[in-house]
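Worksheet for the structure shown next.
Here is how names work: the chains are called A, B, and so on, in the same order as the sequence lines, proteins then strands, and each is numbered from 1. All heavy atoms count here, side chains included; hydrogens, waters and symmetry mates do not. Quick caveat: nothing in here was measured; it's all calculated off a predicted structure.
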Protein chains: 2
Amino acid sequence: MTVASRAILIVEDEPQLRRMLRTLLELENFRVVEAENAERGLAAARSHKPDLLIVDLGLPDRDGTELIQEVRAWSRVPIIVLSARTDEANKVGALEAGADDYITKPFGARELRARLQVALRHATSSAAAGSALRIGDWHIDLKARSARAGDGRELHLTPTEYRLLEVLAQHIGLVVTHRALLTQVWGPGSAQQTQYLRVYMKQLRGKLEPDPARPRWLLTDTGVGYRLALRD
Amino acid sequence: MTVASRAILIVEDEPQLRRMLRTLLELENFRVVEAENAERGLAAARSHKPDLLIVDLGLPDRDGTELIQEVRAWSRVPIIVLSARTDEANKVGALEAGADDYITKPFGARELRARLQVALRHATSSAAAGSALRIGDWHIDLKARSARAGDGRELHLTPTEYRLLEVLAQHIGLVVTHRALLTQVWGPGSAQQTQYLRVYMKQLRGKLEPDPARPRWLLTDTGVGYRLALRD
DNA sequence: CGGTATCTTTACGACATTTTAATGCCGTGC
DNA sequence: GCACGGCATTAAAATGTCGTAAAGATACCG
């Protein structure tokens with residue numbers, strides 16, 4: 001299984017904005033939980049233990065800042081505030097209550113995405129584990145470039161093997177075309193060299209798959225590309 | 001909520017804004033270092049090792065985003081970007097390069113203060129710098145620059161050997177790239193001199209490893225860098 | 001000034017990784 | 001059944017990187 005898909009809780013009363021956020025986040029491969037007021041948001045934060053919260057300040061039942069304080073009483077989960085209010089007092093209040101970032105509406109999708117990455121980067125860097133992958137017995141940390149099994153065995157991957165796995169992991173569960181893999185791993189000029197892929201996929205399977213002849217994680221989509229399977 | 005005076009580096013070309021920031025930060029009990037362009041900013045970041053960087057994107061000599069990338073090659077110090085540019089591409093570029101926050105001018109003093117606190121909060125929560133190290137029989141105190149074995153034997157390391165070990169220890173368990181090691185140990189102009197690393201790693205292994213030909217602590221990641229293994 | 005420790009530079013063999021090439025396999029369509 | 005395209009597999013060649021030793025340069029200290 002892979003931990004790549006992380007959960008995000010959206011606390012926002014406007015259904016329209018909520019839907020937009022969900023679409024946006026799901027495109028980025030996050031799991032999404034929604035809550036339409038502070039009360040339910042708090043409950044959802046407790047029960048779902050999401051990896052990040054997106055909170056609107058203007059909620060119908062309580063002020064978003066209060067919600068942040070309550071969550072901070074027991075969790076350090078990253079919190080990003082969305083708000084139409086541009087006045088400084090609100091920003092400062094939310095940030096001092098424990099929010100990690102404050103984005104004013106209207107905002108662009110790319111900015112939100114970038115700020116999400118920053119917030120998650122902080123969370124994972126302090127928890128030591130980077131982007132963790134599990135393939136068979138192997139626990140792979142792409143950022144730390146380390147791979148070990150539960151029993152302590154270590155596995156060595158070469159730079160190209162890491163890059164290839166990284167690209168596949170970025171689109172986990174989805175097919176990545178030959179062309180995309182080649183340009184991202186070997187550079188823009190290498191789009192024709194599909195033999196590289198065969199050689200390296202074989203290498204990776206030999207190292208990672210329990211039975212390399214019957215791949216369970218590194219799958220071939222004939223005529224299209226390769227795909228890293230998503231499993232439990 | 002004043003913390004033991006921490007240093008902040010301001011990289012900003014407008015003298016007026018620089019003065020304003022200095023005043024503001026000194027009121028908050030920070031020590032302030034200034035640089036008026038990217039080149040000097042990079043040098044100051046290396047020599048002063050500030051606890052946080054405030055960087056303007058519109059610098060006279062180079063783009064601020066480049067500066068961020070260069071600093072990120074060897075350091076995780078929090079970086080806050082100040083910019084008059086409100087367009088999304090700039091924000092996203094800076095954040096993806098490794099900035100932790102992005103504030104658009106004009107901004108209020110209280111907002112800056114709140115965002116500073118957030119950035120520093122992240123840094124301290126993930127800080128875990130112990131200066132004691134154990135490699136094989138050797139107990140090494142990086143701060144005191146001493147190394148002893150259990151039975152009292154002493155080991156002498158040269159200044160460069162200590163610095164190299166220090167950098168590796170700061171990222172214990174993780175690969176440190178050639179570039180990062182060279183810029184931190186030999187200075188920013190030495191990023192190409194990978195032969196230094198080979199020579200000094202051999203020295204260190206000869207002194208620290210029980211069997212220098214089969215390193216157990218000072219490991220090579222061919223084509224990437226070196227890493228100090230994390231054991232027991 | 002001479003001696004010692006440290007740092008820099010060079011060269012080459014050993015080793016790791018990437019690239020190239022050749023062969024066999026399997027399914028599809030003719 | 002046969003030819004073909006796409007993929008898997010293998011091994012060897014080519015390239016790149018590392019470890020090693022040793023000599024030259026520089027700084028340091030009495």
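- Taking every heavy atom of residues 187-198 of chain A and every atom of DNA chain C, pairs under 4.0 Å involve A/Gln193, A/Tyr196, by number.
- Between the side chain of B/Ser47 and the main chain of B/Ala43, a donor-acceptor pair closer than 3.5 Å is present.
- By the 6.0 Å contact criterion, CZ on B/Arg145 is enclosed, its count of non-hydrogen atoms from other residues, nucleotides or ligands being greater than 12.
- Rounded to whole Å, the distance from CZ on B/Arg214 to P on D/dT20 is 11 Å.
- Nearest approach of A/Ala169 to A/Leu133, heavy atoms of both residues: CB-CD1, 4.0 Å.
- Protein chain A touches strand DNA chain C; the 5'-most and 3'-most nucleotides with an atom under 4.0 angstrom of its non-hydrogen atoms are C/dT17 to C/dT20.
- Proximity of residues 155-163 of chain B to DNA chain C (heavy atom under 4.0 angstrom from any strand atom) is restricted to B/His156, B/Thr158, B/Pro159, B/Thr160.
- Note on residues 174-185 of chain B: pairs passing salt bridge (Lys or Arg N to Asp or Glu O under 4.0 Å), not counting sequence neighbours, are B/Glu70-B/Arg179.
- For the pair B/Met201 CE and D/dT17 P, the computed distance is 18 Å after rounding to whole Å.
- The residues A/Asp101 and B/Arg115 are annotated as salt-bridged, a charged nitrogen and a carboxylate oxygen being separated by less than 4.0 angstrom.
- Minimum interatomic distance between B/His171 and B/Gln184 (heavy atoms only, all atoms of both residues): NE2-NE2, 4.4 Å.
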Could you please spell out the steps behind the salt bridge (charged side-chain N to carboxylate O under 4.0 Å, His left out) verdict for B/Asp141 and B/Lys143?
CA-CA 6 Å; B/Asp141 185 337; B/Lys143 268 205 185 113; over 6 Å; no
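- We find that CD of A/Gln203 is positioned 14 Å from C1' of D/dA12, with the value rounded to whole Å.
- Remark: P of D/dC7 and CG of A/Leu218 are 15 Å apart, rounded to the nearest angstrom.
- Counting heavy atoms from C-beta on, the side chains of A/Ile54 and A/Leu9 never come closer than 4.5 Å.
- Residue-to-nucleotide proximity on DNA chain D shows that, of B/Gly225 and B/Val199, the 5′-proximal contact is made by B/Gly225.
- The closest side-chain donor-acceptor pair between A/Thr220 and A/Arg205 falls under 3.5 angstrom.
- Between B/Leu204 atom CG and D/dC18 atom C1' the separation is 16 Å, expressed in whole Å.
- For the pair B/His178 and D/dC18, the criterion of a side-chain N or O lying under 4.0 Å from OP1 or OP2 is met.
- Distance OH (B/Tyr226) to C1' (D/dC18): 6 Å, rounded to an integer number of Å.
- A donor-acceptor pair is defined here as one N or O able to donate and one able to accept, closer than 3.5 Å; such a pair exists between the side chain of B/Glu12 and the backbone of B/Glu14.
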Which protein N or O atoms sit under 3.5 Å from an N or O of nucleotides 25-30 of chain D?
none

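- For B/Thr222 and D/dG16, the shortest distance from a side-chain N or O to OP1 or OP2 is not below 4.0 Å.
- Residue-to-nucleotide proximity on DNA chain D shows that, of A/Lys202 and A/Val224, the 5′-proximal contact is made by A/Val224.
- Separation of the A/Tyr226 and A/Trp217 ring centroids does not fall under the 6.0 Å cut-off.
- Applying the salt bridge (charged side-chain N to carboxylate O under 4.0 Å, His left out) criterion to B/Arg72, with sequence neighbours excluded, gives B/Asp100.
- Nearest heavy-atom pair across B/Leu174 and B/Arg76 is CD1-NH2, 3.5 Å.
- Salt-bridge check for A/Arg113 with B/Glu96: passed, with a basic side-chain N closer than 4.0 Å to an acidic carboxylate O.
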